[in-house]
Undergrad: 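The structure under discussion is supplied below as structure tokens; questions concerning it will follow.
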Amino acid sequence: MSQPIARAGAGTEGAKLGEAIVGRISELAAISETPEHLARIFLTAQHRAAADLLLSWMREVGMSAHLDAIGNVCGRYEGERLGLPCLMLGSHYDTVRDAGRWDGPLGLITAICCVADLHRRGRRLPYAVEVTGFADEEGVRFSSTLLGSRAVAGTFDESVLNTRDRAGVSMRDALLQFGLDPEHIGAAARARRELLAYIELHIEQGPVLEGKNLPVGVVTAIAGATRLAANLTGIAGHAGTVPMALRRDALAGAAECIVAIEEFCKSDQAGLVGTVGYIDAMPGATNVIPGRVSFTIDIRAPTDAHRKLAVADIVRKIEAIAKRRQLVLQLDITHENRTVPCAPWLKAQLADAVAAEGFAVFELPSGAGHDGMAMIDIADVGMIFVRCRGGVSHHPDEHVDVADADAGARVLLRLIENFRPRS
């Protein structure tokens with residue numbers, strides 16, 4: 001780490017990077033299913049409008065840009081000569097429903113603004129810089145996350161093309177309606193030799209940096225996660241005529257399962273968390289006993305071994321509840337990602353950039369998942385966290401101060417300009 005570090009963003013005054021980022025964040029947030037609740041979901045009209053806007057920004061700042069075979073927006077800022085391997089920067093631009101505006105877009109837009117600063121100064125580097133906006137990280141529509149980054153990493157599971165959304169539309173048909181060919185998703189894949197590293201800037205989605213009074217932090221690892229789709233089938237019946245002792249109520253069974261998951265995770269002393277975020281009861285009438293219920297389960301833990309043991313225990317509990325209540329259980333794993341450590345050599349360079357910008361270097365893990373979980377299959381991964389107010393995320397109150405957006409951008413820009421590829 002003895003190599004001197006040049007001052008990033010020479011000529012950038014005040015918080016101009018931060019102001020540019022916040023302006024673009026607001027413009028992108030205006031693209032939503034409804035004005036009242038931000039929602040930008042994979043392969044929708046809002047996805048298309050957002051992609052077009054992001055591509056226009058990429059081209060404005062000197063990048064060649066295109067939409068790839070899965071709907072990712074991909075920009076490339078050439079290095080000192082054409083065709084050099086790239087430092088890839090990225091994050092996602094889809095959202096959860098009733099979302100905040102910062103989760104995902106902050107990293108993507110910060111990267112675009114950093115390239116804009118390089119382009120304004122005519123600065124070319126001994127490597128290319130690529131910016132990728134991943135089309136689906138949240139997994140809202142098809143309950144299968146990291147679709148965009150898995151396609152880039154060459155690990156896209158084509159079986160998910162048959163998955164259907166709540167309206168019954170398959171992913172295959174949604175891609176065709178969007179104007180993409182599901183048979184060509186493999187064309188989005190990149191080779192390891194093309195990437196020098198993958199760096200993602202993201203809001204922390206937690207309160208740790210705020211508690212430390214720090215604008216930025218260096219991420220040590222991304223926690224693994226397992227998601228399951230549960231379906232319980234009983235017998236629907238009239239609410240007034242079926243005695244309680246004879247009921248096979250799928251919703252009551254699901255409720256017991258959900259409480260069991262919560263109690264199991266609460267009793268754990270090593271950081272296990274479990275969430276049931278979606279439930280649907282059918283036929284859904286006030287005077288009908290629910291005959292079928294589906295719900296989702298999300299389990300996360302600091303280590304893969306801990307998470308896998310916890311999932312096995314939870315599955316056994318759900319199976320026992322279903323058997324006792326005479327319900328038919330179908331339980332499928334829809335998503336599983338291992339814990340992803342950030343590369344030590346990238347953490348060191350990020351720490352250099354943080355310190356050079358005058359901030360204390362603080363390391364912390366990520367309990368939330370990120371596209372780096374897929375990208376690790378083709379590149380070493382590094383991450384920067386930016387403080388978010390109250391640690392609130394996946395909610396309209398999600399917020400980043402202009403000064404903190406600027407701090408994150410200056411750290412990222414310094415990293416880009418002084419990046420040293422691994423020998």
Undergrad: Any side-chain to backbone donor/acceptor pair from Ser366 onto Ala221? Under 3.5 Å, distance only.
TA: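 Between the backbone of Ala221 and the side chain of Ser366 there is no qualifying donor-acceptor contact (under 3.5 Å).
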Undergrad: Picking from Leu106, Leu209, Val411, what satisfies side chain to side chain contact (heavy atoms under 4.5 Å, CB included) with Val386?
TA: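 In the set Leu106, Leu209, Val411, the residue that makes a side chain to side chain contact (heavy atoms under 4.5 Å, CB included) with Val386 is Leu106.
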Undergrad: With salt bridge (Lys or Arg N to Asp or Glu O under 4.0 Å) as the rule and sequence neighbours excluded, what pairs involving residues 153-162 come up?
TA: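 Every candidate salt bridge (Lys or Arg N to Asp or Glu O under 4.0 Å) pair involving residues 153-162 fails, so no pair, neighbours aside, qualifies.
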Undergrad: For Asp136 and Thr145, which heavy atoms make the closest approach, and how far apart are they?
TA: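 For Asp136 versus Thr145, the nearest heavy atoms are OD1-CA, 4.3 Å.
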Undergrad: Name each donor-acceptor pair under 3.5 Å that joins a side chain in residues 20-30 to protein atoms two or more places apart or in another chain, with its distance.
TA:
unit_1 : atom_1 : unit_2 : atom_2 : d
Ser26  : OG     : Val22  : O      : 3.2
Ser26  : OG     : Arg101 : NH1    : 3.2

Undergrad: Might you work through the side-chain contact (heavy atoms from CB on, under 4.5 Å) test for Glu417 and Leu118, ending with a clear yes or no?
TA: CA-CA 9 Å; Glu417 291 201 77; Leu118 295 174; 3.7 Å; yes
Undergrad: Please find the pair of heavy atoms, one from Ile70 and one from Leu180, that lie closest to each other, and give the distance.
TA: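 Minimum heavy-atom separation between Ile70 and Leu180: C-CD1, 3.7 Å.
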Undergrad: Would a 4.5 Å heavy-atom cut-off, applied to side chains only, mark Leu232 and Val328 as touching?
TA: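 No, too far: nothing below the 4.5 Å cut-off.
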Undergrad: What residues, two or more places apart in sequence or in another chain, satisfy side chain to side chain contact (heavy atoms under 4.5 Å, CB included) together with Val392?
TA: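 So Val392 forms a side chain to side chain contact (heavy atoms under 4.5 Å, CB included) with His395, Asp397.
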Undergrad: Would you check if the side chain of Ser32 reaches a backbone N or O of His37 as a donor-acceptor pair within less than 3.5 Å?
TA: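 Pair found, side chain donor or acceptor close to backbone of His37.
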Undergrad: My understanding is that only one of Arg292, Gln330, Met282 makes a side chain to side chain contact (heavy atoms under 4.5 Å, CB included) with Thr233; could you say which?
TA: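 Considering Arg292, Gln330, Met282, a side chain to side chain contact (heavy atoms under 4.5 Å, CB included) with Thr233 is found only for Arg292.
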Undergrad: Run the side-chain contact (heavy atoms from CB on, under 4.5 Å) test on Ile199 and Leu346 for me, step by step, so that the C-alpha distance in whole Å, both residues' side-chain angles and the decisive distance to 0.1 Å come before the verdict.
TA: CA-CA 9 Å; Ile199 302 288; Leu346 290 173; 4.0 Å; yes
Undergrad: Look only at the side chain of Glu363 and the backbone of Thr220, and say whether a donor-acceptor pair between them is shorter than 3.5 Å.
TA: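 The answer is no, because no donor-acceptor pair under 3.5 Å joins these two groups.
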Undergrad: What pairs meet the ring-ring contact (aromatic ring centres under 6.0 Å, His included) rule with one or both residues in residues 111-165, with sequence neighbours excluded?
TA: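 Listed by first then second residue: Tyr127-Phe419.
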Undergrad: Just to verify, what does Arg40 make a salt bridge (charged side-chain N to carboxylate O under 4.0 Å, His left out) with, not counting sequence neighbours?
TA: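 Here no residue qualifies.
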Undergrad: Can you tell me which residue among Ile279, Ile297, Ile318, Thr275 is in a side chain to side chain contact (heavy atoms under 4.5 Å, CB included) with Ile258?
TA: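 Passing option: Ile279.
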Undergrad: Identify whether the distance between the nearest side-chain nitrogen and carboxylate oxygen of Arg300 and Asp298 falls below 4.0 Å.
TA: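 A salt bridge links Arg300 with Asp298.
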Undergrad: Hey, does Asp377 have a side-chain heavy atom less than 4.5 Å from the side chain of Arg192?
TA: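 No, too far: nothing below the 4.5 Å cut-off.
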Undergrad: Is Arg190 salt-bridged to Glu130, going by a charged N under 4.0 Å from an acidic O?
TA: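 Salt bridge between Arg190 and Glu130, a charged N being under 4.0 Å from a carboxylate O: yes.
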Undergrad: Evaluate the side-chain contact (heavy atoms from CB on, under 4.5 Å) criterion for residues Met171 and Leu147: first the C-alpha distance (whole Å), next the side-chain angles of each, then the deciding distance (0.1 Å), finally the verdict.
TA: CA-CA 11 Å; Met171 189 187 305; Leu147 294 174; 3.8 Å; yes
Undergrad: Cation-pi between Arg410 and Phe359: NZ/CZ under 6.0 Å from ring centre and within 45° of the ring axis?
TA: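 Because its charged atom misses either the 6.0 Å distance or the 45° angle limit, Arg410 does not stack over Phe359.
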Undergrad: Not counting sequence neighbours, which residues clear salt bridge (charged side-chain N to carboxylate O under 4.0 Å, His left out) with Asp173? List them please.
TA: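 Not a single residue meets the salt bridge (charged side-chain N to carboxylate O under 4.0 Å, His left out) criterion with Asp173.
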Undergrad: Quick one: does any side-chain atom of Asn72 pair with a main-chain N or O of Gly148 as donor and acceptor, under 3.5 Å?
TA: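 Present.
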Undergrad: Charged N to carboxylate O under 4.0 angstrom, Lys323 versus Glu319?
TA: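 No.
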Undergrad: Does Lys308 come within less than 4.0 Å of Glu336, counting only side-chain N to carboxylate O?
TA: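 Looking at Glu336 together with Lys308, the answer is no, because their closest N to O distance does not fall below 4.0 Å.
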Undergrad: Check the pair Thr296 / Arg227 against side-chain hydrogen bond (donor to acceptor under 3.5 Å, both in side chains), numbers first and verdict last.
TA: CA-CA 7 Å; Thr296 60; Arg227 291 182 181 176; over 6 Å; no
Undergrad: Please set out all donor-acceptor pairs under 3.5 angstrom arising from side-chain atoms of residues 78-90, sequence neighbours excluded.
TA:
unit_1 : atom_1 : unit_2 : atom_2 : d
Glu78  : OE1    : Arg76  : NE     : 3.2
Glu78  : OE1    : Arg76  : NH2    : 3.2
Glu78  : OE1    : Gly83  : N      : 3.3
Glu78  : OE2    : Arg76  : NE     : 2.9

Undergrad: So Tyr198 and Ser149, do their side chains get closer than 4.5 Å, heavy atoms only?
TA: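 Side-chain contact under 4.5 Å: no.
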Undergrad: Checking the side chain of Ser144 only, and the main-chain atoms of Val160 only, is there a donor and an acceptor separated by less than 3.5 Å?
TA: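 Judged by distance alone, no pair lies under 3.5 Å.
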Undergrad: Between Arg172 and Glu183, is there a salt bridge with N-O shorter than 4.0 Å?
TA: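 The answer is yes: the pair qualifies as a salt bridge.
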Undergrad: With distance as the sole test, does Gln349 use its side chain to make a donor-acceptor pair with the main-chain N or O of Ala353 at under 3.5 Å?
TA: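 Pair absent, no side-chain N/O of Gln349 close to backbone of Ala353.
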Undergrad: Working to the nearest 0.5 Å, report the span between CD1 of Ile384 and CG of Leu201.
TA: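 So the gap between those two atoms works out to 5.0 Å.
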Undergrad: Is the number of heavy atoms from other residues, nucleotides or ligands within 6.0 Å of NE2 (His66) greater than 12?
TA: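 Counting other residues, nucleotides and ligands, NE2 of His66 exceeds 12 neighbours.
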Undergrad: Over all heavy atoms of both residues, which pair between Gln46 and Ile31 is shortest? Give the atoms and the distance, please.
TA: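 Here Gln46 and Ile31 meet closest at O-CG2, 3.4 Å.
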Undergrad: Is the side chain of Glu398 donor-acceptor paired with the backbone N or O of Asp103 at a distance under 3.5 Å, no angle test?
TA: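 Present.
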Undergrad: Do NZ/NE/NH1/NH2 and the carboxylate oxygens of Arg389 and Asp401 come within less than 4.0 Å?
TA: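 Salt bridge absent between Arg389 and Asp401.
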Undergrad: What heavy-atom pair brings Tyr77 and Arg123 nearest, and what distance separates the two atoms?
TA: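 Minimum heavy-atom separation between Tyr77 and Arg123: OH-O, 2.8 Å.
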Undergrad: Do the non-hydrogen side-chain atoms of Leu228 and Thr334 ever get within less than 4.5 Å of each other?
TA: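 Not in contact.
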Undergrad: Under the rule for ring pair (Phe, Tyr, Trp, His ring centres under 6.0 Å), what residues qualify as partners of Phe42, not counting sequence neighbours?
TA: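 Ring pair (Phe, Tyr, Trp, His ring centres under 6.0 Å) list for Phe42, sorted by chain: His47.
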Undergrad: Using the side-chain hydrogen bond (donor to acceptor under 3.5 Å, both in side chains) rule, pick out the option among Asp94, Thr163, Asp165 that qualifies with Arg141.
TA: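 Looking at Asp94, Thr163, Asp165, the match for Arg141 under the side-chain hydrogen bond (donor to acceptor under 3.5 Å, both in side chains) is Asp165.
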Undergrad: Which residues satisfy the salt bridge (charged side-chain N to carboxylate O under 4.0 Å, His left out) test with Asp313, sequence neighbours excluded?
TA: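 Salt bridge (charged side-chain N to carboxylate O under 4.0 Å, His left out) check on Asp313 returns Arg316.
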Undergrad: Does anything in residues 362-384 form a ring-ring contact (aromatic ring centres under 6.0 Å, His included)? List the pairs, not counting sequence neighbours.
TA: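 Residue pairs passing ring-ring contact (aromatic ring centres under 6.0 Å, His included), neighbours aside: His202-His370, His370-Phe385.
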Undergrad: Using distance only, find each side-chain donor-acceptor pair of residues 51-61 under 3.5 Å and give its atom names and separation, not counting sequence neighbours.
TA:
unit_1 : atom_1 : unit_2 : atom_2 : d
Ser56  : OG     : Leu53  : O      : 2.6
Arg59  : NH2    : Ala65  : O      : 2.8

Undergrad: Using 4.0 Å as the upper bound for N to carboxylate O, is an ion pair formed by Asp380 and Lys347?
TA: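 No salt bridge links Lys347 with Asp380.
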Undergrad: Which atoms form the tightest heavy-atom contact between Ala374 and Ala153, and what is the distance?
TA: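 For Ala374 versus Ala153, the nearest heavy atoms are O-CB, 3.4 Å.
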Undergrad: Determine whether Phe264 and Leu272 satisfy the following criterion, side-chain contact (heavy atoms from CB on, under 4.5 Å), listing intermediate values before the conclusion.
TA: CA-CA 9 Å; Phe264 180 83; Leu272 180 70; 3.7 Å; yes
Undergrad: State which residues pass side chain to side chain contact (heavy atoms under 4.5 Å, CB included) with Asn213; sequence neighbours excluded, sorted by chain then number.
TA: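 With sequence neighbours excluded, Asn213 shows a side chain to side chain contact (heavy atoms under 4.5 Å, CB included) to Arg387, given in chain and number order.
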Undergrad: Using modelled atom types and a 3.5 Å cut-off, is there a donor and acceptor pairing between side-chain atoms of Glu194 and backbone atoms of Ala191?
TA: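 The answer is yes, because a donor-acceptor pair under 3.5 Å joins these two groups.
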Undergrad: Cut-off 3.5 Å, side chains only: do Asn162 and Ser170 have a donor facing an acceptor?
TA: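 Side chains of Asn162 and Ser170: no pair found under 3.5 Å.
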